[in-house]
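Reading through the structure tokens given below for one structure.
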Number of protein chains: 2
Amino acid sequence: MAQTSRAKPEKMARLDADAWMAAAFDALAQGGIDAVRVEPLAKALDITKGSFYWHFADRRALLEAMLGAWTEGRIAAIREQAMTRGAPEMVLGDLADLYTRHANLRGLTIELAIRSLARTDDAAARAVRRVDRERLRHVGALFGALGWPAAQAQERAILFYSYLFGQSLLDPKAVPAAARDEAIRALIAAP
Amino acid sequence: MAQTSRAKPEKMARLDADAWMAAAFDALAQGGIDAVRVEPLAKALDITKGSFYWHFADRRALLEAMLGAWTEGRIAAIREQAMTRGAPEMVLGDLADLYTRHANLRGLTIELAIRSLARTDDAAARAVRRVDRERLRHVGALFGALGWPAAQAQERAILFYSYLFGQSLLDPKAVPAAARDEAIRALIAAP
DNA sequence: ACCTGAACACCGTTCAAGT
DNA sequence: ACCTGAACACCGTTCAAGT
């Protein structure tokens, strides 16, 4: 995926669009959307900012390329998940871990920054819509496999993602691990 | 509260810090944190940007004043809520409405922008922490009054806010009103 | 095919001077 | 007590010229 972490690159004579995107995702994860700016990125890549405009029309085009890469990465990830043939409780538990364990802090931060953007930016809103549709369909199917009738399975899928995102918006100190695990256990429980 | 909506002010000879803050909250609600910038605000207020620096040391000071105003406003609101002597189900239902009905779209957007900032900004993280502590205490007490033992009442309070915030991060089209109402009903149900 | 360097516009910041 | 206007630095954007 495009937002894989990487060490600050040593000076390279030539870059491609992916190198700019990787640096941009780094900046997004570390400083929010406000940190995704051409000149700071050029400085981080040790190249002139003028060269940015060979790869992208402007800052807006970079943002849209990032949204595209993020959308495709998330959809590919959920489809891969859908392939795994584990017990639905296990798959759901793994998904919950993705949003609550530290291992994916970077991915979570990027996702929340994009969802925040989506409140005022149409392209970001479209990206979120596509990802949500795919995820809710997949997770809804998992709850169906757990034994919930279709309508409740969809409600549970919404509840599941709502809880995971919402929890990550609260002050971490306000959410004891035990309360979080108990909530997830209850969400995943078979009917 | 500082973030009350107001019509674009006609040209006034003199402004105070509150006028700048009001314009800043307008910008925050409409364009996100990236839109809270000195020169655009000056343009909206029809005044020179130089005058901004009479009221605030710099853009950062404006952001921190906004965080302070937001924190105080939210804490005052929750304390006022705590005074109302209605049935806990009713009070919780009203709170849920605040985060899901359109009437408070502006307040919700501002809150989500601040929570997004809090992921990369310490002052914003502190503001969120103070507000969360106050709200979770209040809502935890309401669940206690509903009949939940203290530990579960706290878990429910966390679940309650997590769901409300999380739901507002999903694509609105993905969350049918019926699913949302059903989830809130289940959250508020007595044990 | 990709980058540099210089130019210009825009916005954050400072400050002396105005009222 | 609050604002203007000019100055300067920083960053987005353009583009002719380099490799």
Side-chain angles (χ1 to χ4, degrees), chain A residues 2 6 8-67 69 113 117 120-124, chain B residues 2 6 8-67 69 113 117 120-124:
Chain A
R6 58 174 71 181
K8 177 183 285 197
E10 64 286 2
K11 182 179 194 136
M12 310 186 240
R14 307 268 135 157
L15 297 174
D16 53 14
D18 281 347
W20 284 96
M21 296 246 292
F25 276 113
D26 283 347
L28 182 61
Q30 281 164 34
I33 194 69
D34 219 16
V36 180
R37 316 197 84 81
V38 178
E39 179 157 282
L41 291 179
K43 227 166 254 169
L45 289 168
D46 196 17
I47 204 164
T48 61
K49 59 187 171 165
S51 70
F52 170 84
Y53 292 91
W54 174 260
H55 302 287
F56 300 94
D58 51 23
R59 179 177 181 255
R60 180 72 209 166
L62 170 64
L63 289 179
E64 299 201 352
M66 292 171 76
L67 290 172
L117 228 203
T120 55
D121 183 303
D122 283 347
Chain B
R6 58 174 70 180
K8 177 182 284 198
E10 65 286 3
K11 184 182 194 129
M12 309 186 241
R14 308 267 133 156
L15 297 173
D16 53 14
D18 280 348
W20 283 97
M21 297 245 293
F25 275 113
D26 282 347
L28 182 62
Q30 280 165 35
I33 194 70
D34 219 16
V36 181
R37 315 197 86 81
V38 179
E39 179 155 282
L41 291 180
K43 227 165 255 168
L45 290 168
D46 195 15
I47 204 165
T48 62
K49 59 186 171 165
S51 70
F52 171 84
Y53 292 91
W54 174 260
H55 301 287
F56 300 95
D58 51 22
R59 177 177 183 255
R60 180 73 208 164
L62 169 64
L63 289 179
E64 299 201 352
M66 292 171 76
L67 290 172
L117 229 204
T120 55
D121 182 303
D122 283 346

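Just so we're on the same page: letters track the sequence lines, and every chain starts at 1. Please read these numbers as outputs of a predicted model, since none were measured by experiment.
- Considering all non-hydrogen atoms of both residues, B:Thr48 and B:Ala42 come closest at C-CB, 4.0 Å.
- Distance CZ (B:Phe56) to C1' (D:dC3): 15 Å, rounded to an integer number of Å.
- Pairing partner, C:dT13: D:dA7, with both Watson-Crick or wobble hydrogen-bond distances short of 3.5 Å.
- We find that OH of A:Tyr53 is positioned 4 Å from P of D:dT13, with the value rounded to whole Å.
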Determine whether A:Met66 and A:Leu28 satisfy the following criterion, side-chain contact (heavy atoms from CB on, under 4.5 Å), listing intermediate values before the conclusion.
CA-CA 10 Å; A:Met66 292 171 76; A:Leu28 182 61; 4.0 Å; yes

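- Between the P atom of D:dC10 and the CZ atom of B:Arg37 lies a distance of 16 Å, rounded to the nearest Å.
- Phosphate contact (OP1/OP2 of C:dT13, side-chain N/O of B:Arg59, threshold under 4.0 Å): absent.
- Contact annotation for B:Ala61: no contact, since no heavy-atom pair falls under 4.0 Å across all strands.
- Computed from coordinates, the A:Glu39 CD to C:dA7 P distance equals 16 Å when rounded to whole Å.
- Between A:Phe52 atom CZ and C:dG5 atom P the separation is 19 Å, expressed in whole Å.
- With rounding to whole Å, B:Trp54 atom CH2 is found 9 Å from D:dC3 atom P.
- In this structure, A:Ile47 places its CD1 atom 4 Å from P of C:dC3, rounding to the nearest Å.
- Within the shown strands, C:dA1 is the pairing partner of D:dT19 under the Watson-Crick or G-U definition, both distances less than 3.5 Å.
- Classification of the B:His55-B:Trp20 ring pair by plane angle, with boundaries at 30° and 60°, yields tilted.
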CA sep, side-chain torsions, deciding dist, call: A:Asp58, A:Val38, side-chain contact (heavy atoms from CB on, under 4.5 Å)
CA-CA 9 Å; A:Asp58 51 23; A:Val38 178; over 6 Å; no

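- Taking the side chain of B:Val38 as heavy atoms from C-beta on, and the options D:dC3, D:dT13, C:dT13, the nearest nucleotide is C:dT13.
- Looking at heavy-atom distances under 4.0 Å, A:Ala57 makes contact with sugar-phosphate atoms alone, never a base.
- The ring pair (Phe, Tyr, Trp, His ring centres under 6.0 Å) with B:Phe56 is formed by just one residue from the set B:Trp54, B:Phe52, B:Tyr53; it is B:Phe52.
- Between A:His55 and C:dC3 there is a side-chain polar atom (N or O) within less than 4.0 angstrom of OP1 or OP2.
- Across the protein-nucleic acid pair, B:Lys49 atom NZ and D:dT4 atom P stand 13 Å apart, rounded to whole Å.
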